[in-house]
Q: 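Below: one structure in structure tokens.
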2 protein chains.
Amino acid sequence: MTPPPNPGPAPEPTVATSPEPAAVPGPDPAGAPPPGPAVGTLRLDQHVCFSLQSASRAFNGLYRVLLKDLGLTYPQYLVMLALWEHGTLPVRRLGEHLRLDSGTLSPLLKRLEAAGLVHRERSARDERSVEVRPTEEGLALRERALGLPRRIATATGFGLDEIQDLKARLDRLTTALDAAAANEA
Amino acid sequence: MTPPPNPGPAPEPTVATSPEPAAVPGPDPAGAPPPGPAVGTLRLDQHVCFSLQSASRAFNGLYRVLLKDLGLTYPQYLVMLALWEHGTLPVRRLGEHLRLDSGTLSPLLKRLEAAGLVHRERSARDERSVEVRPTEEGLALRERALGLPRRIATATGFGLDEIQDLKARLDRLTTALDAAAANEA
DNA sequence: CACAATTAAATTGCGCACAACTGAATGACT
DNA sequence: AGTCATTCAGTTGTGCGCAATTTAATTGTG
């Protein structure tokens, strides 16, 4: 089955915080058969989280196309970005940069190593730690990635300032959500 | 291993569209060991896509906590939202609403059916299609979900107008990225 | 020094996202 | 009626994301 292009435009964008009290909604003007349409809240097209996830998946899709040449997935690309920037990194630090734990990184790094882009070696100083180092081939790949950011930026259709602003909001959002999840636990 | 809390504040937020030409960067002011730090572009903390993905995952994490009671995952919750809103839907339409294909929906719906929240039945009118209908239990679950949107909205720390604005930008971004991916294919 | 607590990475298991493919049903067109 | 492309759901296989557990090394404390 083909992945559908888009759910279409969203009528009333909110998170779902309309003044509806938590109760069964009244009679429906529109006509959905058994359950009334969620009158106030609980409407899919009101959820920012869904828009956020959709945008993230759309990014992923574009990267998938653009990274095909390089033989990388998007998460693998992020790992290589971190290594290009910082050189050798222990798995721990890599996880901090990428917000990933060893459960995700271990198999991913194993694949990058199999592809010859990365080398893993237990640290001599601390035998628990594993240092991840880009190979020559991994470093060489960087040159082929240099054009990507601009192509992506163009694809967004956003201006640089708008992108910066969006990024700042998202980072703020992430911090707030993390805090809430921690408190809720 | 514990998932790390946050990569920390990002120095220069952009997509990675600084005026750097596509070539080997010059000498490094800072001192990362083997490969120079990506001077202009190619810096992880410059990528909106990463902030976007992080925010999406943070949302997911909060939902994971809040949905635990209901026995739903976040994608399953989105499916139930669509069913609460529209009643019975063929898999095809569900996929359009959620931007998912049958490869994802089929096993997910199978799990929802096993949980007793949903019923699947081949359409009499078109034997290819499968109608997904919320069960009584599935409809009853809605009442327990009514409080969620407000809790989520509060957790974002955003005002309603700011949320609307963010959502609008994200939808615009998704459209642009989808178009770019299609052209790039 | 001994020993408990902590830390790092890996492994296991589950669920989602997506590409590629299969098989069945439908519709269009001759 | 008969063929053929299309559409729909499902399956298979790969790769993430994350919880929970395991194993090993290190650190802290008495």
Side-chain angles (χ1 to χ4, degrees), chain A residues 1-5 53-54 56-65 67-68 71-79 89-96 98-115 120-132 178 181 185, chain B residues 1-5 53-54 56-65 67-68 71-79 89-96 98-115 120-132 178 181 185:
Chain A
M1 187 180 176
T2 314
Q53 199 209 25
S54 294
S56 184
R57 283 161 60 196
F59 251 123
N60 212 309
L62 179 55
Y63 270 109
R64 192 175 303 119
V65 173
L67 287 173
K68 200 185 232 173
L72 291 176
T73 66
Y74 174 59
Q76 289 167 8
Y77 172 66
L78 293 181
V79 167
L89 280 176
V91 174
R92 173 86 168 69
R93 295 273 166 258
L94 211 43
E96 286 171 3
L98 300 173
R99 192 177 233 256
L100 294 172
D101 65 8
S102 65
T104 301
L105 280 175
S106 286
L108 189 155
L109 291 171
K110 199 182 291 188
R111 283 186 284 272
L112 282 182
E113 188 169 43
R120 286 187 297 166
E121 195 171 18
R122 293 220 93 93
S123 166
R125 203 177 37 69
D126 185 343
E127 290 281 342
R128 292 170 303 181
S129 178
V130 168
E131 302 282 344
V132 182
D178 282 342
Chain B
M1 187 180 178
T2 315
Q53 199 209 23
S54 294
S56 183
R57 282 160 59 195
F59 251 123
N60 212 309
L62 180 56
Y63 270 109
R64 191 175 304 119
V65 174
L67 287 173
K68 199 184 230 174
L72 291 176
T73 66
Y74 173 59
Q76 289 167 7
Y77 171 66
L78 294 181
V79 167
L89 279 177
V91 174
R92 173 85 167 72
R93 296 273 167 259
L94 210 43
E96 286 171 3
L98 301 172
R99 194 178 233 262
L100 293 172
D101 65 8
S102 65
T104 302
L105 281 176
S106 286
L108 190 156
L109 292 172
K110 200 182 291 187
R111 283 185 284 272
L112 283 182
E113 189 168 43
R120 286 187 297 166
E121 194 171 17
R122 293 220 93 93
S123 166
R125 204 177 36 69
D126 184 343
E127 289 282 340
R128 292 170 302 180
S129 178
V130 167
E131 302 282 343
V132 183
D178 282 343

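Residue numbers begin at 1 in each chain, while the letters A, B, ... track the order of the sequences. All heavy atoms count here, side chains included; hydrogens, waters and symmetry mates do not.
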Q: What's the shortest heavy-atom distance between B:P75 and B:L108, and which atoms?
A: CB-CD1, 3.9 Å
Q: What residues form a salt bridge (charged side-chain N to carboxylate O under 4.0 Å, His left out) with B:E113, not counting sequence neighbours?
A: B:R120
Q: Restricting to side chain to side chain contact (heavy atoms under 4.5 Å, CB included), what partner residues turn up for A:S106, sequence neighbours left out?
A: A:S102
Q: Atom CD of B:E121 and atom P of D:dC8: how far apart are they, to the nearest Å?
A: 19 Å
Q: Quick one: does A:V79's side chain get under 4.5 Å of A:L72's, heavy atoms only?
A: no
Q: Starting from C1' on C:dA25, measure out to CD on B:E131 and report it in whole angstrom.
A: 15 Å
Q: Starting at atom CG of A:L98, determine the distance to atom P of D:dC16, rounded to an integer number of angstrom.
A: 12 Å
Q: With B:R128, which residues qualify under side chain to side chain donor-acceptor pair (under 3.5 Å), at least two apart?
A: B:D126
Q: To the nearest 0.5 Å, tell me how far A:Q53 CD sits from A:N60 CG.
A: 11.0 Å
Q: I'd like to check the side chain to side chain contact (heavy atoms under 4.5 Å, CB included) partners of B:R122; sequence neighbours left out, ordered by chain and number.
A: B:E127, B:V130
Q: What does the list of N/O pairs under 3.5 Å between the protein and nucleotides 12-16 of chain C look like, with a distance for each?
A:
| unit_1 | atom_1 | unit_2 | atom_2 | d |
| --- | --- | --- | --- | --- |
| C:dC16 | OP1 | B:T73 | OG1 | 2.8 |
| C:dC16 | OP1 | B:Q76 | NE2 | 3.1 |
| C:dC16 | OP2 | B:R111 | NE | 2.7 |
| C:dC16 | OP2 | B:R111 | NH2 | 2.0 |

Q: Who are the side chain to side chain donor-acceptor pair (under 3.5 Å) partners of A:R93, not counting sequence neighbours?
A: A:E96
Q: What's the spacing between A:T73 OG1 and A:K68 NZ if we round to 0.5 Å?
A: 14.0 Å
Q: Give me the distances for all protein-to-nucleotides 24-29 of chain D N/O pairs that come in under 3.5 Å?
A:
| unit_1 | atom_1 | unit_2 | atom_2 | d |
| --- | --- | --- | --- | --- |
| D:dT26 | OP1 | A:E127 | N | 3.1 |

Q: Which whole-number value in Å describes the distance from B:R122 CZ to C:dG23 P?
A: 15 Å
Q: What is the distance, to the nearest angstrom, from the CZ atom on B:R93 to the P atom on D:dC8?
A: 7 Å
Q: Out of curiosity, A:L89 CG to A:E131 CD, how far, rounded to the nearest 0.5 Å?
A: 8.0 Å
Q: Could you check how far CG of B:L94 sits from C1' of D:dA9, rounded to whole Å?
A: 13 Å
Q: Look for any protein N or O under 3.5 Å of an N or O in nucleotides 2-5 of chain D and output each such pair with its distance, or none.
A:
none

Q: B:R57 side chain: which of C:dA9, D:dG17, D:dA19 is closest?
A: D:dG17
Q: How many angstroms lie between atom CG of B:D101 and atom CG of B:L94, to the nearest 0.5 angstrom?
A: 12.0 Å
Q: Any base atoms under 4.0 Å from B:K110, or only sugar-phosphate, or nothing? Heavy atoms, all strands.
A: sugar-phosphate
Q: Using 0.5 Å steps for rounding, measure from the CG atom of A:L100 to the CG atom of A:L78.
A: 8.0 Å
Q: For A:L105 and for A:R64, find the nucleotide of DNA chain C with the closest heavy atom, then tell me which residue's nucleotide is more 5'.
A: A:L105
Q: Calculate the interatomic distance between A:Y63 atom OH and C:dA17 atom C1'; express it in whole Å.
A: 18 Å
Q: I'd like to know if A:S129 reaches the base of C:dA8 with its side chain, counting only an N/O donor and acceptor under 3.5 Å.
A: no
Q: Whole Å only: how far is the CZ atom of A:R99 from the P atom of D:dC18?
A: 7 Å
Q: For A:S106 and C:dA10, is the shortest distance between a side-chain N/O and OP1 or OP2 below 4.0 Å?
A: yes
